[in-house]
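Here's the structure we're looking at; comments come further down.
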Amino acid sequence: GNSVTQMEGPVTLSEEAFLTINCTYTATGYPSLFWYVQYPGEGLQLLLKATKADDKGSNKGFEATYRKETTSFHLEKGSVQVSDSAVYFCALSSYQTGANNLFFGTGTRLTVIP
Amino acid sequence: KAGVTQTPRYLIKTRGQQVTLSCSPISGHRSVSWYQQTPGQGLQFLFEYFSETQRNKGNFPGRFSGRQFSNSRSEMNVSTLELGDSALYLCASSPGDRDEQYFGPGTRLTVT
């Protein structure tokens, strides 16, 4: 079946620190992988995606590489800002198996302090 | 383009009542999915509609139902509300021919 395992939080970093949030997955077929971000009181925003092995998704300084050999999609950012404080969700899509639904990890809360 | 909109944003209901939530997708998107978010269970898929047909369903009881209209707007209904139905209900839309989904702000349902 499909599942996503995500690094437990919370994570607290100082501004300009390096961020890594680990994500591994189990899937049938060849899923697409996503990172979504949720700010307080809001829905989910698509941060980045990758659709096949070795693809790198990037957006707003965040990046993640689809690693099929390690079934991983770790999120990284070189220098975090206070405005990056949010909850981050790793997800995979089963679209290629004919069902368009996302499987989410448990979320990692990031707090960036000045 | 306007994003996904959901109404109402907040709702308080009493156990045993029923509730209907509404979602308007991004213009041109034909697929609408619904998710339930709770602190204990996280984000769980409820169902997906594409061109007025339910294409996929998650593992929820029959009290949870939905429909999609010809303009792609969707509603979900929960009957005989239970305290455990208190959650943030998120709607997401997709063009239908690829897998990325765009989420609305959610409806926060509180059951007392």
Side-chain angles (χ1 to χ4, degrees), chain A residues 1-10 21 23 25 27-52 55 57-59 64 66 73 86-109, chain B residues 2-7 9-10 21 23-26 29-51 53-60 66 68 72 74 87-108:
Chain A
N2 296 313
S3 67
V4 175
T5 302
Q6 191 175 336
M7 185 171 101
E8 292 285 336
I21 301 178
C23 171
Y25 67 90
T28 52
Y30 303 95
S32 294
L33 301 173
F34 304 85
W35 278 99
Y36 281 86
V37 58
Q38 187 174 35
Y39 297 100
E42 298 184 12
L44 301 173
Q45 294 180 25
L46 177 61
L47 183 59
L48 53 84
K49 69 175 280 190
T51 58
K52 61 183 187 298
D55 263 3
S58 61
N59 186 26
Y66 190 144
F73 193 55
V87 181
Y88 292 81
F89 292 91
C90 184
L92 70 82
S93 168
S94 61
Y95 181 79
Q96 292 181 341
T97 62
N100 191 20
N101 58 287
L102 295 170
F103 295 85
F104 287 92
T106 52
T108 301
R109 181 176 299 279
Chain B
V4 178
T5 57
Q6 292 187 245
T7 56
R9 292 292 309 278
Y10 302 92
L21 313 181
C23 171
S24 292
I26 293 170
H29 284 193
R30 297 166 64 191
S31 168
V32 173
S33 298
W34 289 89
Y35 295 82
Q36 181 196 64
Q37 185 177 24
T38 60
Q41 299 299 316
L43 281 152
Q44 294 185 285
F45 171 74
L46 281 155
F47 28 67
E48 184 221 0
Y49 287 86
F50 179 82
S51 293
T53 300
Q54 187 181 86
R55 192 158 67 169
N56 192 23
K57 189 177 191 306
N59 189 25
F60 278 81
Q68 186 181 33
S72 292
S74 176
L88 181 66
Y89 290 88
L90 293 163
C91 167
S93 79
S94 169
D97 60 351
R98 52 188 181 274
D99 48 17
E100 57 203 55
Q101 297 186 20
Y102 298 89
F103 285 78
T107 294
R108 180 154 310 273

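Computed over heavy atoms, backbone and side chain alike; hydrogens, waters and symmetry mates excluded. From a predicted model like this one, the values you see are computed outputs, not experimental measurements.
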So, taking the atom named CG in A/Asn101 and the one named OG in B/Ser31, what distance separates them when rounded to the nearest 0.5 Å?
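Interatomic distance, A/Asn101 CG to B/Ser31 OG, rounded to 0.5 Å: 10.0 Å.
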Please enumerate all residues that pass ring pair (Phe, Tyr, Trp, His ring centres under 6.0 Å) together with B/Tyr89, with sequence neighbours excluded.
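If we apply the ring pair (Phe, Tyr, Trp, His ring centres under 6.0 Å) test to B/Tyr89, skipping adjacent residues, there are no hits.
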With a 4.5 angstrom heavy-atom cut-off, which part of [X] approaches chain A: side chain, backbone, both or neither?
X	value
B/Gln37	side chain
B/Arg9	side chain
B/Tyr35	side chain

Can you tell if the side chain of B/Leu43 reaches within under 4.5 Å of the side chain of A/Leu102, non-hydrogen atoms only?
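With C-beta onward as the side chain, the pair stays apart.
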Mind checking whether B/Gln101 and A/Tyr36 have side chains closer than 4.5 Å, heavy atoms only?
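A side-chain contact exists here, since the closest heavy-atom pair is under 4.5 Å.
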Counting only non-hydrogen atoms closer than 4.5 Å, does A/Gln45 touch chain B with its backbone (N, CA, C, O), its side chain (CB onward), both, or neither?
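For A/Gln45, neither part sits under 4.5 Å from chain B.
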Non-hydrogen atoms of chain B under 4.5 Å away: do they reach the side chain of A/Phe89, the backbone, both or neither?
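Side chain only.
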Set of residues satisfying salt bridge (Lys or Arg N to Asp or Glu O under 4.0 Å) with respect to A/Lys52, sequence neighbours excluded
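With sequence neighbours excluded, A/Lys52 shows a salt bridge (Lys or Arg N to Asp or Glu O under 4.0 Å) to A/Asp55, given in chain and number order.
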